[in-house]
Asks: 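This structure is in structure tokens; I'll ask about it shortly.
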Amino acid sequence: MKKDCHFYALLALSRACGFKKKSSNIIAYASQFVDDAKINLILFQNVAQNEALDAVENTPAFFNIATCHSYFRIDTFNYEAMVNNTSAFHFVPGCQGKHFTKKLRCKEESPVILALLNEACQEDNLVKLGMVMHPYADTFAHQGFSGMLSKVNAINNCQIESELSLPWIESFPDYLKDFGKEKFERYFDKVMPAYGHAQALDFPDLPYLVWSYEYDHSDDFKGSYQRVEVDNRDRYRRAFLKIKEQLERYLALYPHHQDPTVRFTQFELLWEALLYKGHDQVRIKNWQKLMIKLGLFDKEDEALWTYEEDAWLKQAFVNYNYKKFDNRRVEGAICAKHFESTPWYHFVLATKWYKKKFHHYCKEFQLFFPT
């Protein structure tokens, strides 16, 4: 899924379920920030060592805190990143099958993500809830693929079955196919590695798309291919109906987050917006207009219904600048006065909790990552 779903759809749905405006923003921001939290090591300049912090190079720090991945960023093409970032937060393993590679295949509402979500709901922590909502939603969109470089992700003949409103991406496969089938597949294997859903382009992340592909369904990858047709409309609607249930469950547990003035019933309008056809920015603009039109937010609430990927970093660090912090390693970070109360700080704590629990539940469901 993309920003239109991880932030805007979740933001609208949280408000519609009755969460206060600020609470809805925290949930949705934490969800989308999973795709933007690229810092993996940050060394602090002005804080004392404590039990919450790591010590790196004799300096207070946070380490192993990245949650995002990239198909084209070389930093993510290593085992630790594929396990702790890509698999953990974007392709939660389904833990089904006889072999390790098969168990890695993401499954809708896998036992691992349900266990993590259930544990997150045991604590009144909106940042943690929002963060877990990201991998939970992705188990619907990314099912069938793995967060590791794997034969599981080596697919053939990926094609669009429904009308597509994005001409550039529609013509891209046709252009490659002009090379001929064998050249096309060789080119694709070189340019698009079998990592995540890279060989399916962003087809799984377009809510309105119907598409198909062939995959090897044999236990030992003998080349027994079968075609599967994917209707993203069904997957996304099913995902957000389930998310709605989880939000309502959480609000019942922690009613102080509830806005008593919200009496929303027009959920069909949200499902229509979820499947709206258009480029990423067009879908985002549609969500923004709809939330104001339906009274979920007011125009003056723009800071709450607009996502800026560095908003939490700006609150947490007085010396923040994009060039310095847009890296896997950041040195000399100067924390804001109330650093430990900032959402970014709580997101990092939630990340550390999640990674620890992810490995715990994988082992519980008989998936053991080699060390």
Side-chain angles (χ1 to χ4, degrees), residues 1-35 108-109 117 120-121 124-141 205-208 232-278 280-308 311 343:
M1 295 187 182
K2 298 186 181 183
K3 192 186 303 179
D4 60 306
C5 293
H6 283 309
F7 180 77
Y8 290 96
L10 184 56
L11 179 69
L13 187 57
S14 298
R15 276 295 285 157
C17 287
F19 281 87
K20 295 174 182 177
K21 292 179 180 180
K22 180 63 175 177
S23 298
S24 299
N25 174 268
I26 293 172
I27 295 169
Y29 195 101
S31 169
Q32 173 55 33
F33 195 58
V34 170
D35 273 343
E108 182 176 317
E109 289 195 301
L117 183 56
C121 288
D124 182 10
N125 185 330
L126 294 175
V127 172
K128 183 180 287 188
L129 173 68
M131 188 186 69
V132 177
M133 281 298 175
H134 183 115
Y136 177 66
D138 274 354
T139 67
F140 291 83
D205 292 331
L206 299 174
Y208 54 83
N232 286 353
R233 299 168 300 181
D234 289 342
R235 285 185 174 181
Y236 277 64
R237 185 182 176 96
R238 194 163 63 246
F240 278 84
L241 283 169
K242 289 286 190 175
I243 289 171
K244 178 175 179 288
E245 291 178 8
Q246 296 293 343
L247 290 171
E248 291 171 341
R249 168 195 175 195
Y250 191 89
L251 198 55
L253 290 171
Y254 310 103
H256 59 279
H257 293 298
Q258 186 165 8
D259 181 346
T261 68
V262 176
R263 295 288 186 271
F264 190 84
T265 58
Q266 299 173 288
F267 286 96
E268 276 303 319
L269 296 178
L270 301 187
W271 310 145
E272 290 176 12
L274 181 68
L275 308 180
Y276 189 80
K277 287 186 178 181
D280 295 353
Q281 287 303 314
V282 171
R283 298 200 304 275
I284 287 171
K285 288 291 184 184
N286 185 60
W287 273 116
Q288 291 174 329
K289 291 177 182 178
L290 183 65
M291 285 189 285
I292 293 172
K293 180 180 178 181
L294 296 177
L296 297 174
F297 288 92
D298 298 318
K299 286 186 177 180
E300 54 266 30
D301 299 324
E302 186 173 0
L304 296 177
W305 52 258
T306 302
Y307 180 81
E308 294 183 5

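If you're wondering where the values come from, they're calculated on a predicted model, not measured in any experiment.
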Asks: Taking all non-hydrogen atoms of both residues into account, name the closest pair between W287 and L270 and its distance.
Replies: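 So the two residues come closest at CH2-O, 3.4 Å.
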Asks: Report the relative orientation of the aromatic rings in F264 and F267; use parallel for angles under 30°, tilted for 30 to 60°, perpendicular for over 60°.
Replies: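 Aromatic pair F264/F267 classed perpendicular.
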Asks: Quick one: pull up NZ in K3 and CG in D280 and give me the separation to the nearest 0.5 Å.
Replies: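 If I round to the nearest 0.5 Å, the distance is 8.5 Å.
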Asks: Quick one: does F140's side chain get under 4.5 Å of E109's, heavy atoms only?
Replies: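 Side-chain contact under 4.5 Å: yes.
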Asks: Kindly give the heavy-atom pair with the smallest separation between Y136 and K242, and that separation in Å.
Replies: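 Heavy-atom minimum between the residues: OH-CB, 3.2 Å.
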Asks: Going from OG on S14 to CG on D259, what distance comes out if it is rounded to the nearest 0.5 angstrom?
Replies: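 With rounding to 0.5 Å, OG (S14) is 12.5 Å from CG (D259).
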Asks: If you measure from OG1 on T261 to NZ on K20, what distance do you get to the nearest 0.5 Å?
Replies: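 That separation rounds to 10.5 Å.
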Asks: Step by step, would you call H6 with V34 a side chain to side chain contact (heavy atoms under 4.5 Å, CB included)?
Replies: CA-CA 9 Å; H6 283 309; V34 170; over 6 Å; no
Asks: Measure the shortest side-chain to side-chain distance between L241 and W271 over non-hydrogen atoms and say whether it is less than 4.5 angstrom.
Replies: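 The answer is yes, as the side chains (C-beta and beyond) meet within the 4.5 Å cut-off.
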Asks: Would you indicate whether the side-chain heavy atoms of D205 and Y236 approach each other to under 4.5 Å?
Replies: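 Yes, their side chains come closer than 4.5 Å.
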Asks: Quick one: are the ring centres of Y29 and Y307 less than 6.0 Å apart?
Replies: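 Between Y307 and Y29, which both carry aromatic rings, the centre distance is below 6.0 Å.
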Asks: Output, in order, the C-alpha distance, side-chain angles, deciding distance and verdict of side chain to side chain contact (heavy atoms under 4.5 Å, CB included) for F240 and C5.
Replies: CA-CA 9 Å; F240 278 84; C5 293; 4.0 Å; yes
Asks: Indicate yes or no: at least one non-hydrogen side-chain atom of N232 is less than 4.5 angstrom from one of P207.
Replies: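 No, too far: nothing below the 4.5 Å cut-off.
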Asks: When you check the gap from the basic side-chain N to the acidic O, do E248 and K244 get nearer than 4.0 Å?
Replies: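 A salt bridge is present here (some side-chain N lies under 4.0 Å from a carboxylate O).
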Asks: What closest approach, in Å, do A137 and I243 show between heavy atoms, and which atom pair accounts for it?
Replies: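 Nearest heavy atoms, A137 then I243: CB-CD1, 4.0 Å.
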Asks: Quick one: pull up CG in L126 and NE2 in H257 and give me the separation to the nearest 0.5 Å.
Replies: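 Answer rounded to 0.5 Å: 4.0 Å.
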Asks: As a quick check of understanding, evaluate side chain to side chain contact (heavy atoms under 4.5 Å, CB included) for N25 and F7, giving each step before the final call.
Replies: CA-CA 8 Å; N25 174 268; F7 180 77; 4.0 Å; yes
Asks: Taking all heavy atoms of L129 and all of C121, pick out the closest pair and write down the distance.
Replies: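 Distance-wise, the nearest heavy atoms are CD1-SG, 4.3 Å.
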Asks: Are D35 and M1 side-chain neighbours, meaning at least one heavy-atom pair lies under 4.5 Å?
Replies: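 Not touching, per the 4.5 Å side-chain cut-off.
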Asks: Do you know which two heavy atoms are closest between G278 and R283, and how far apart they sit?
Replies: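 Shortest heavy-atom contact: O-NH1, 2.6 Å.
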Asks: Looking at side-chain heavy atoms only, is the closest gap between L10 and Q32 below 4.5 Å?
Replies: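 No. Closest side-chain heavy atoms not under 4.5 Å.
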Asks: Can you name the nearest heavy-atom pair linking L11 to L304, along with the distance?
Replies: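 So the two residues come closest at CD2-O, 3.6 Å.
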Asks: Verify the neighbour count for atom NZ of K2: are there more than 12 heavy atoms of other residues, nucleotides or ligands below 6.0 Å?
Replies: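 Enclosed.
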Asks: Atom CG of N286 and atom CD of Q281: how far apart are they, to the nearest 0.5 Å?
Replies: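 That separation rounds to 12.5 Å.
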Asks: Charged N to carboxylate O below 4.0 Å: is that the case for E272 and R237?
Replies: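 Judged by the 4.0 Å cut-off on N to carboxylate O distance, E272 and R237 do not form a salt bridge.
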Asks: Mind checking whether D4 and Y276 have side chains closer than 4.5 Å, heavy atoms only?
Replies: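 They are not in side-chain contact.
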Asks: From L269 CG over to M291 CE, what is the distance, rounded to the nearest 0.5 angstrom?
Replies: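 If I round to the nearest 0.5 Å, the distance is 13.5 Å.
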Asks: With a 4.5 Å heavy-atom cut-off, do K21 and D298 have their side chains touching?
Replies: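 Side chain of K21 against side chain of D298, heavy atoms only: contact under 4.5 Å found.
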